[in-house]
> 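Questions regarding the structure given below will be posed in turn.
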Amino acid sequence: MSRTFESGGAKVTKLTPHARINRGTDFHADWLDSIRVNMSAVERRTGTVTGRRTVKKDWQVAWMLKAISCIDLTTLSGDDTPGRVRRLCAKARRPVRRDLLQAIGAENMGLTTGAICVYHTMVPTAVAALEGSGIPVAAVSTGFPAGLAPMETRLQEIRASVAAGAREIDIVITRAHVLNQDWAALYDEVRSFREASGAAHLKTILATGQLGSLNHVARASMVCMMAGADFIKTSTGMEGVNANLPVSLVMIRMIRDFHERTGQEIGFKPAGGISKAKLAVAYLILIKEELGNKWLSPDLFRFGASSLLGDLERQIEYHATGRYSAAHRHSMG
Amino acid sequence: MSKRNPSVTIQEKFESMEYGPAPENAARVNEWLDENGRKFGHFIDGRMVRPKGAETFDTKSPSTGENMAAISQATSREVDKAVSAARKAQPGWAALGGHGRARYLYALARLVQKHSRKLAVLESMENGKPIRETRDIDIPLVARHFYHHAGWAQLIDQEFPGYEAVGVVGQIIPWNFPLLMLAWKIAPALAAGNTVVLKPAEFTSLTALMMADLLMEAGLPPGVVNFITGDGRVGQMLVDHPGIDKLAFTGSTDVGRIIRESTAGTGKKLTLELGGKSPFIVFEDADLDSAVEGLVDAIWLNAGQVCCAGSRLLIQEGVEDRFITKVKSRMEKLRIGPSLDKCIDIGAIVDEVQRQRIDAIVQQGKKEGASVWQPDCALPTEGVYYRPTLMTGVETSNVAAREEIFGPVVVSMTFRTQKEAVALANNTRYGLAASIWTENINRSLEIAPQLKAGVVWINSTNLFDAAVGFGGYRESGFGREGGIEGMYQYLKPAFYKKLKPAVNMPLPKVTESREPGAGDGLPALDQTAKQYIGGKQARPDGGNSIEIPDHEGRLAGIVGDGNYKDIRNAVEAAAAAGSWASAAGHLRAQIIYFIAENLSYRAREFETRLKTLTGASAKGAAREVARSIDRLFTYAAWADKFEGRVHSPPMRGVALAMNEPVGIIGIACPDEAPLLAFVSLMAPAIAMGNRVVMLPSQRYPLLATDFYQILETSDVPAGVVNIVTANRDDLAVVLAKHDNVDGLWFHGGTEASAEIERQAGGNMKRVWTSGDKAYDWFDTEQGEGRHILRHATEVKNIWIPYGDQT
């Protein structure tokens, strides 16, 4: 078995999530013209890829740790309070019980989640709670989740979050631009968000559950990347249908296309509805197969999830002890 | 569990994100092999039989080289025993009725599911294909096949009235899908009330023998299913066995041809599923990424050891570079390894012999100018493996583009237009399957009927379902498996047993020269019938004529003495009339009605001719002409009504089963009821869109030559019907040897039928002979209807997955 080590086996803590930002390209309508997505074939691929690949035993544990390192631990609720956010931040710093990490020999990896994801109001609390951890704070923005606030308001929200210390901005696009195939308007919108984000990473949420077809998802993905998205993200978590493997495959393939065209590596973030370790591993398999190992890092891949971590912890405990676990044995986030 | 130490290890794995080993557990299979002493006999008359001192051979696991068990080589004694056990069991099995048989088939479906993992593991070990495939594809399809055919058994009386079981069926299956092919063979045979003697492939006998356990567990009556093992010699014994009523074979075209030749003239019913060189067509407007995945399923499923593998990649020129780049980077991700690893894409090649054959064609193709590309993947050190291979720059003349490679090798070439794509796709002797990738529904639905293939997958590939028939055109064989069309392969019309023996009438000498003139002292006006070729009356190429006597020996007329060149011309004319195949059923109906109308105008004349030639009574002659008009009406009626089906396989989409014309059919007519038989055979063929070369009754050809005047006045397009007179049986052999003739119907007794069937094997023509029997053309049940229309059509199944709304 050959092993490839990235940057000499660097520890997780050394990973630098904000290495570079995507400056984008001009708007290329012709890049969109050739996009074709066949939904049945896409579903066949996603339906069989997890039958073709699997990880067992120690490999499975390692992959679950990888999943944890890629989680944007999220709370996006009207009743969020500073206390709730601080608890979540503590969980992000120490996502897995120390004794379990010791049992599997992973206590010195400096494992944390990929980020904390909150509303703008909670950014200062989160930034303070995560100080010194290196864990970035992501702020959902631009009138999340509907994104229908006035443009100026949306831009201001981005600037305010960046000023408050958010290093990642999760914006929502105007779905109408996609539904009406006004790609230039979508490009201009995301371009404006890109500029407002400055040095912060821009993650564009497509709300794929509201776009009607995979062909729209593909084109919207490409437009967002042209306009400077650092990550493309499936969902707000508030749509009727959130992330799933077919939608993800379509977006991943657009990332690959964009990379082939521009050399830019764009990240991917499925969000909403991913709550089981098995499904998280399936996502990692899909990423590995379609984009390659380089994308299996919080630099380029995140889960937008709140309850996924709990299931991963329980599975890791099973691997460490041979006993099935229970939620109350793990610290709540 | 907690005995895991090395922190390095987990972290290394965290960094490398490799998959690691994921072996499937083989313990239960090994237990089963051990319980059987790793030595197997045959399954005959309900029990395992191991003849003392029998010759055995080893069966190996190709992915490890490990010896799995000793398999017995059957002798003629075991073959005899198995056939007679099946013969003895058949009446009881048929008499059990549809519901009774349905219960057994249902039990088998359940048993396959209950033992699914064991079967999947054994199949993977012995064949070398990935456990992923046997677990997720083969075994579920096996269970599905038994369920579906439990249903056909249950519905047999309602859905197949007037049909009965063929009898004892011999079945020979290949090593690439051992258990699936077994299910495809025995499920419909049993549903229809047949009993079975099946020979598994010598490389892969074990899952059949494990299945024997399940048959016993289901309590299947002894003799209903028998398995005999061994190599091709055992297959040949089964083929030659006089106690077999039907043979069903899946395997290579070469062996299929041997079987066709061996069974020629025996009256054994035959189904052949043979080789292929199936096109995989990618248009510039396809979802290219999905097409790449489709290609993976097409050519690297079971390491390409699949008869319907998409082995010829046809790419629209403008996207060739992009597509090939994508294919190569996808190939880099393919994992090759031991079959029981749950994380591999390509397993072992079934045997070293096969691996060498694959490599020989690849090397020859390289010599002929192809570029060969393989990913730089590691191969296991043990076992028989071949790297996935892409050959580009392959011209149509390259051996790798023409021969079935039966391995993980795809050859690619480009096309400019849709028309050229179809032409390239059809530029093969085979015709099993095709895959079309385009997002343009107009394009895909236009192409699907133009492809010479029994199965067409649109934006998909290698999809199978028990309800959807599978089988080939051209040299990919004939007959279908699955669906209602597959059931008919195991049934025969009940009236067969009522058919009377055929009577062949030799052509007597003319004893009295010409009929007298009209009494004006002048001779009667010379009437010389000609051949009718390409819509024109044509003098015979040889320049000779034959005198035809009336029933009293007087000269009734002169017909051309056709020879092989007339046949050649007739077939050329038929080939040029290809647009008849795509003419609307409505148009064909109009023309056939018009033929009937024109015959009615000249009814009196035909009645006179019948009386003079055959000695029929006035009443009898009038009846034959009237029935001929009636029959023409029947097929004018059918022309726009013998339609296909819409299947709903378990997916979001449909599969259209379309009845397509066979193509060019040669039809040799019997002497009985010479006008009615001629009409009864010509009309269904042309109603379904075929073009025909008619060989009229040798004794009464004048009825056919009179008939061309009716064709001429009925707007029948040139070349659709051609008539060549002379020695019928000799000309039928010429037709049988013509490789542009797709079907041959021979109603002329048994004398020539053996030679015709032998020669027809050259291009795997669809042959329908009446054997030594004669149809009663006046009998509606025998003389017309769906059983004849099925000979005039091929079923093409077009898979159409759909969906765009998320």
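Throughout, a chain's letter reflects where its sequence line sits, starting with A, and its residues are numbered from 1.
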> Below 4.5 Å from any heavy atom of chain A, which atoms of Ile458(B) appear? Answer side chain, backbone, both or neither.
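Neither part, no heavy atoms under 4.5 Å.
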
> Quick one: which of Asp297(B), Val296(B), Leu288(B), Asp136(B) has the most heavy-atom pairs under 4.5 Å with chain A, could you say?
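The option with the most such pairs is Asp297(B).
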
> Any donor-acceptor pair under 3.5 Å linking the side chain of Lys66(A) with the backbone of Phe14(B)?
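The answer is yes, because a donor-acceptor pair under 3.5 Å joins these two groups.
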
> Given that the side chain runs from C-beta out, which part of Glu43(A) has a heavy atom under 4.5 Å from chain B: side chain, backbone, both or neither?
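Contact with chain B involves the side chain of Glu43(A) alone.
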
> Could you look at Asp341(B) and say if it's the side chain, the backbone, both or neither that has a heavy atom under 4.5 Å from chain A?
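No part of it gets close to chain A.
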
> Taking side chain as C-beta onward, heavy atoms only, is Glu293(B) less than 4.5 Å from Glu290(A)?
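Of all side-chain heavy-atom pairs linking Glu290(A) with Glu293(B), at least one is under 4.5 Å.
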
> What part of Ile344(B) gets within 4.5 angstrom of chain A, counting heavy atoms only: side chain, backbone, both, or neither?
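Only the backbone of Ile344(B) comes within 4.5 Å of chain A.
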
> Between Thr48(A) and Arg132(B), is a side chain to side chain contact (heavy atoms under 4.5 Å, CB included) present by the stated rule, with each step listed?
CA-CA 9 Å; Thr48(A) 53; Arg132(B) 195 266 315 178; 4.3 Å; yes

> Is the distance between the ring centroids of Tyr19(B) and Trp63(A) under 6.0 Å?
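They qualify: ring centres under 6.0 Å apart.
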
> Drop me the distance from Glu289(A)'s CD to Arg335(B)'s CZ, to the nearest 0.5 angstrom.
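Interatomic distance, Glu289(A) CD to Arg335(B) CZ, rounded to 0.5 Å: 8.0 Å.
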
> Please classify the contact between Ile35(A) and chain B as side chain, backbone, both or neither, with a heavy-atom cut-off of under 4.5 Å.
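Nothing of Ile35(A), per the 4.5 Å heavy-atom cut-off to chain B.
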
> What do you reckon, is CG of Leu179(A) surrounded by more than 12 foreign heavy atoms closer than 6.0 Å?
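Yes, the 6.0 Å shell around CG holds more than 12 heavy atoms from other groups.
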
> Inspect the surroundings of CD in Glu382(B) and state if more than 12 heavy atoms from other residues, nucleotides or ligands are less than 6.0 Å away.
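Counting other residues, nucleotides and ligands, CD of Glu382(B) stays at 12 neighbours or fewer.
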
> Do other residues, nucleotides or ligands put more than 12 heavy atoms under 6.0 Å from Arg416(B) CZ?
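Incorrect, the count does not exceed 12.
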
> How many angstroms lie between CD1 in Ile285(A) and SG in Cys343(B), if you round to the nearest 0.5 Å?
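That separation rounds to 7.0 Å.
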
> Measure the shortest side-chain to side-chain distance between Val55(A) and Glu18(B) over non-hydrogen atoms and say whether it is less than 4.5 angstrom.
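Side chain of Val55(A) against side chain of Glu18(B), heavy atoms only: no contact under 4.5 Å found.
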
> Using non-hydrogen atoms and a 4.5 Å limit, figure out which bit of Arg44(A) sits close to chain B: side chain, backbone, both or neither.
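Contact with chain B involves the side chain of Arg44(A) alone.
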
> Is Val42(A) close to chain B through its backbone or its side chain, or both, or neither, when contacts mean heavy atoms under 4.5 Å?
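For Val42(A), the contact with chain B is made by backbone and side chain together.
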
> Report yes if the side chains of His216(A) and Thr806(B) come closer than 4.5 Å at any heavy-atom pair, otherwise no.
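Not in contact.
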
> Nearest 0.5 Å, please: how far is CE in Met17(B) from CD1 in Ile287(A)?
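Result: 10.0 Å between the selected atoms.
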
> Show the numbers, then the answer: is there a side chain to side chain contact (heavy atoms under 4.5 Å, CB included) between Arg256(A) and Asp289(B)?
CA-CA 10 Å; Arg256(A) 192 168 65 197; Asp289(B) 289 312; 2.8 Å; yes

> From Arg322(B) CZ over to Ser34(A) OG, what is the distance, rounded to the nearest 0.5 angstrom?
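Interatomic distance, Arg322(B) CZ to Ser34(A) OG, rounded to 0.5 Å: 5.0 Å.
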
> Under 4.5 Å heavy-atom distance to chain B, tell me which part of Arg53(A) shows up: side chain, backbone, both or neither.
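When you check distances to chain B, atoms from both the backbone and side chain of Arg53(A) fall under 4.5 Å.
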
> Would you say Met39(A) and Gln805(B) make side-chain contact, with heavy atoms under 4.5 Å?
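Side-chain contact under 4.5 Å: no.
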
> Roughly how far, to the nearest 0.5 Å, is CG of Asn215(A) from CD of Glu439(B)?
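Output value for this atom pair is 7.0 Å.
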
> Please report the shortest heavy-atom distance between Ile10(B) and Asp58(A), naming the atom on each side.
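That would be CD1-O, 3.7 Å.
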
> Identify the heavy atoms of Arg135(B) and Gly51(A) that sit nearest to each other, and give their distance.
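Of all heavy-atom pairs spanning Arg135(B) and Gly51(A), the closest is NH2-O, 3.2 Å.
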
> Does Arg261(A) CZ have over 12 foreign heavy atoms under 6.0 Å away?
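More than 12 heavy atoms, drawn from other residues, nucleotides or ligands, come within 6.0 Å of this atom.
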
> Is the backbone N or O of Ala41(A) less than 3.5 Å from a side-chain atom of Asp287(B), with the two atoms forming a donor-acceptor pair by type?
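No, the answer is negative, given that no donor and acceptor are paired below the 3.5 Å cut-off.
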
> Just wondering, more than 12 heavy atoms not from Asp33(A) lying within 6.0 Å of its CG?
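Enclosed.
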
> Check step by step if side chain to side chain donor-acceptor pair (under 3.5 Å) holds for Arg253(A) and Ser290(B).
CA-CA 10 Å; Arg253(A) 285 176 171 171; Ser290(B) 288; 3.3 Å; yes

> Once you round to the nearest 0.5 Å, how far does CG of Asn293(A) lie from OG of Ser16(B)?
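Between atom CG of Asn293(A) and atom OG of Ser16(B) there are 7.5 Å.
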
> Is Ala286(B) in contact with chain A via its backbone, its side chain, both, or neither, using a 4.5 Å heavy-atom distance?
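Contact with chain A is through the backbone of Ala286(B) alone.
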
> Check whether any side-chain N or O of Lys333(B) sits under 3.5 Å from a backbone N or O of Lys288(A) as a donor-acceptor pair, and report yes or no.
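A pair under 3.5 Å: yes.
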
> With salt bridge (Lys or Arg N to Asp or Glu O under 4.0 Å) as the test, would you mind laying out the steps for Asp345(B) and Arg52(A) before giving the verdict?
CA-CA 7 Å; Asp345(B) 297 299; Arg52(A) 287 179 180 272; 2.8 Å; yes

> So for Asp257(A), is it side chain, backbone, both, or neither that comes closer than 4.5 Å to the heavy atoms of chain B?
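Only the side chain of Asp257(A) comes within 4.5 Å of chain B.
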
> Do Thr54(A) side-chain atoms and Lys342(B) backbone N/O form a donor-acceptor pair below 3.5 Å?
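Not confirmed, Thr54(A) side chain does not pair with Lys342(B) backbone.
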
